[in-house]
Amino acid sequence: MIDPPAGMPVDPVVALARAWSYTVSVRSLCEFTAKRGDLDRRFTPSATALEGINGQAAVTARRGPQYQSEVALEGRFGMLRVRGRADGYDPGRRCLEEIKTVRGDPDELPENRRQLHWAQLESYGALFCRDRGVDEIDLALVYVDAATQAETVLRQRASAADLEAALAERCQRFLAWAQQEAAHREARDAALTELPFPPGAFRPGQRVLAESVYRAATSARCLLAQAPTGIGKTIGTLFPLLRAMPGQQLDKIGYLTCKGTGRLTALDAMHGLREATPGRSLRVLALVARDQACEHPDKACHGESCPLAQGFYDRLPAARAEAVTEGWLDPAAQRRIALTHQICPYYLGQELLRWADVVVGDVHHAFDPNGQLHGLAQALDWRIGLLVDEAHNLVDRARQMYTAELSLAQIRSARRIAPRALQPRFDRMLRVASELADGQDTPYAAHDSVPDAFADALQALQAALGEHLQDQPLATGPLLSFHFDALRLQRLVEKFGDHSVFDVQLGSATARRDGPEPLITGRDEDAVDATFCLRNLVPAPFLRPRFAGCHTATLFSATLGTESYQRDLLGLPEDTAWIDVPPAFPPEHLRVRVAGRLSTRYPDRAASLDELVDLMARQFNEHPGNYLAFFSSFEYLEQAAQRLAQRQPTLAFWRQDRAMDEDSRRGFLERFVPDGQGIGFAVLGGAFAEGVDLPGSRLIGAFVATLGLPPVTPVQEQIRLRLDSLFGRGHGYADLVPGMLKVVQAAGRVLRTPQDRGWLWLIDDRYLRADVRRLLPGWWRFDDARE
Ligand code: SF4
C-alpha cells in the first residue's frame, strides 16, 4: 500500500475553504447557465488566439494611459466563489468593457453567442460594482474586426442592483450543481485517500513503478518509466496517481494511449479500481472519436439537419445530471444516456469532459494543437496529472500532430469550385507553388525556411478565403475543407523553426499525413503534382509547454530507448525522473541468442536467405511451437517466406499481408493456438509487432531479422541531419534508437506472464556491437553467439 509521505503540508485555509465553497469562473458560470437551444457546429469564422490578443491590444492602445486592462474580479454568493478578469475599465468614461475579436460582421453572430457575451459582461459588471462600491456603470461589448481592427461597440448602462440580481440568479441556478460538485469532490477525495490496492498483491516491479509514479506526482514532476511486460503497468500507474489525487488537489487525471489498443485495458483496470473505491464515487469518462460516436453520419451537426442537435442545450442539463450520477461513462453508457435524452452522444461526451475525474483517451487530447483536454485545462485552470501509455510512440505521434501539407492537386481542385472573386488569389498560389516545384530538379527537396513567396501567397489566399467564408458563415463542403487544410499549414508556417523542415515532394501526394484525400480528382491528370509539407522533426518546442502546464506526467512503456532521446525530442522538463523497472519474471525465462554471422543488410539479403531460414527451421525443430518472425519490409518477408517454403516444405507458416482488414488480422492471430506449431511472418513496426498478447504456449519465440532501422529516404536523411545538428552526432536519435525501440517492442511479444518461457533470436552481426547492445534491455541474458 502506498501512503502519502509523512509531513505533507495540508493548507488548513485551503482545506477549510474547500469544505464549504466552490470556485467557478465567470466564463464557466455563464456557459453553464446561458446556453440554450440547438447545438450548432457549423463553421462560423472565428479569430485565432493571436488575432484575439492583437485585437485586445489594439483596443487597449486606443483607450489611453489611464485604461485598466485585465481587471481581476471576485465575489462570493453563498458557498459560491465567482472570479474572472474583465478585459478593461475606462475610468474616464466609467465604462467596463468586454472585448471580443471576431471575423466578419458582428451582426451575423449567432444570437446565443451574443447572449453569452452579454452574460459575461454583466457578471463582471456586478462584481465590479460590488468591488468598487458604485451604484451604476456603463457596460460596453466591443467587437473588434480581426482584419481591420475596427470596433463595433454595443453599450448599455446598468444599475448595480440589476446586475447583482442577474448574477445572483445565475449563481442560484448554478448553486445546486455546485453543491453537488463540491460534495462529489469531497467524497471522491475521501474515497481515494482510502483506496485499497486491487485484490492481489503487488507484482514484482509493480510496486517500484507505483512508488515512482506517486513520488513524481507528489513532487510535481514528470517521470519516464521503462517497465517490462507483465508487471501490470496500467494498475501500477493509475493506482498511485489516484492515491495522490486528493493530496495534490488534482482536478483530473488523463490516461492517454498512443494506439487505440491500450484503451480497453485501461478501461478494464479503471473499472476494477472504481469498484474498489468506497462509494464508487469516481467519474470515469472514455473519450471517443466523433466518427465512432455519431448516430447520424449522413447529417451535419446542427439543429436543422440532425435531430440529436435540435434543442441539445435544452436537454443537456438532465442528461448531464444523469451522467454524473452514473459515474461510469464508457462509450456504451454515454450513448445510452444521450439517446434517452435525445441528444448527441459525441457532444455529450465533450461536455462530460468538464465533470469527469478520470479521462481515458488518446494522446492527441492533450498534445495536439486542438486537443480538447489541453484546451479546457488551460481555459479552466485545471490541475491535471497525465499517464501516457505506449509512450515510445509519442515522438512519432507528436510529429504527425505538428505536420501539415498541401498539394498542387488540392489547390487546383479548390480553385475550380471557388467563386470568381477568389480566382486571382488561387492563381497566385498556384503560380508560386508551381514555380517552386518546377525549379526543383530532384523528386524531393528540403528547405531550411518556408520561401517568403509561398508563405505570402498562402497568407493572401487564406485571407481572401476567410473573407469569403465570413459572408457564408454556415458554409460546408470541399472549399471549407480546403480552408481548414490550408489554415493548418498556415498556422505551422507562422511557427516555423529549426524543429521543422519545409519540403517539396514531386509526383503524387505520397507524403500525406493521415488526412482527407485531395478534394476532387479526375481532372488535371496530366498536370504535375507536388506536395508542400511543413514537416515536424522535433516536437519538443510544441510539447514543452504542455508538460510544463500539467502538475505531473508519467510516460511509460516497455521500452523508451534512452532517457535523453525522450527528453530531448519531447521537451520534457530537466528534472524529469527516470526509472528502469526490473522484469516481472526471472531473466533466464527469455533466452536471447544472436545470429552474429548473418547480415540482413539490403545488399547481403539474397546471399543470407538460406542461412536465415535454416536457422529458423533448426530452432523450430529443436523446440517446436509457435513463433513470430519479424522482417524490415514486406519484400524481405516475402523472400524469406518463399525460401522457407522451398527448403522446409513441411514447416507451417503464415504471413502478414500489406492490406489486412480487421478479420484477416484476427485470422492471423487465431493461428497462434495453444501448443500450436508454426511461424507467423510479420513486419517489424507493423500490426503484430506491438499490442499483441499471445501468452503461454500460444507463442514461444521470436526471430527478429532486422535492426529496425528506418529505410533510407530523403525525408529520413533530413531527420538525421537535423537531429545531428541540434543534438550532436553519434546518439542514434534518427535511426538506431527508434530501430531498437521497435525491436524490443516486438521481442516483448514472447514473455507475457511470469510463467512464460521463450526464445528470442536477434539475427544480424550488428547485434554484437556495443552501441546496439546498450540500447537493449539490461536484464536480457544473451546465450553465447553460436550461429
Ligand atoms: S449525431 Fe452525428 S451529426 Fe448529429 S450532432 Fe452528433 S455528431 Fe453531429
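This chain uses plain numbering: 1 for the first residue, then up along the sequence. The figures here come from the full heavy-atom set of this structure, side chains too, leaving out hydrogens, waters and symmetry mates. Atoms within a ligand are numbered from 1 in the order they appear, just like the ligands themselves.
- Residue pairs that meet the side-chain hydrogen bond (donor to acceptor under 3.5 Å, both in side chains) test with at least one member in residues 548-557, sequence neighbours left out, are Gln248-His551, His392-Ser557.
- Scanning both residues, Ser123 and Arg170, for their nearest heavy atoms gives OG-NH1, 3.0 Å.
- Ordered by chain and number, Cys294 SG make up the set of protein N, O or S atoms under 2.8 Å of atom 2 (Fe) of ligand 1.
- A salt bridge is defined here as a Lys NZ or Arg NE, NH1 or NH2 lying under 4.0 Å from an Asp or Glu carboxylate O, and Arg185 with Asp251 meets this definition.
- Between Lys252 and Asp357 there is no salt bridge, since no side-chain nitrogen of the basic residue lies less than 4.0 Å from a carboxylate oxygen of the acidic one.
- A salt bridge is absent between Arg320 and Glu322: the closest approach of a Lys/Arg side-chain nitrogen to an acidic carboxylate oxygen does not fall below 4.0 angstrom.
- The ring of Phe547 has its center closer than 6.0 angstrom to the ring center of Phe367.
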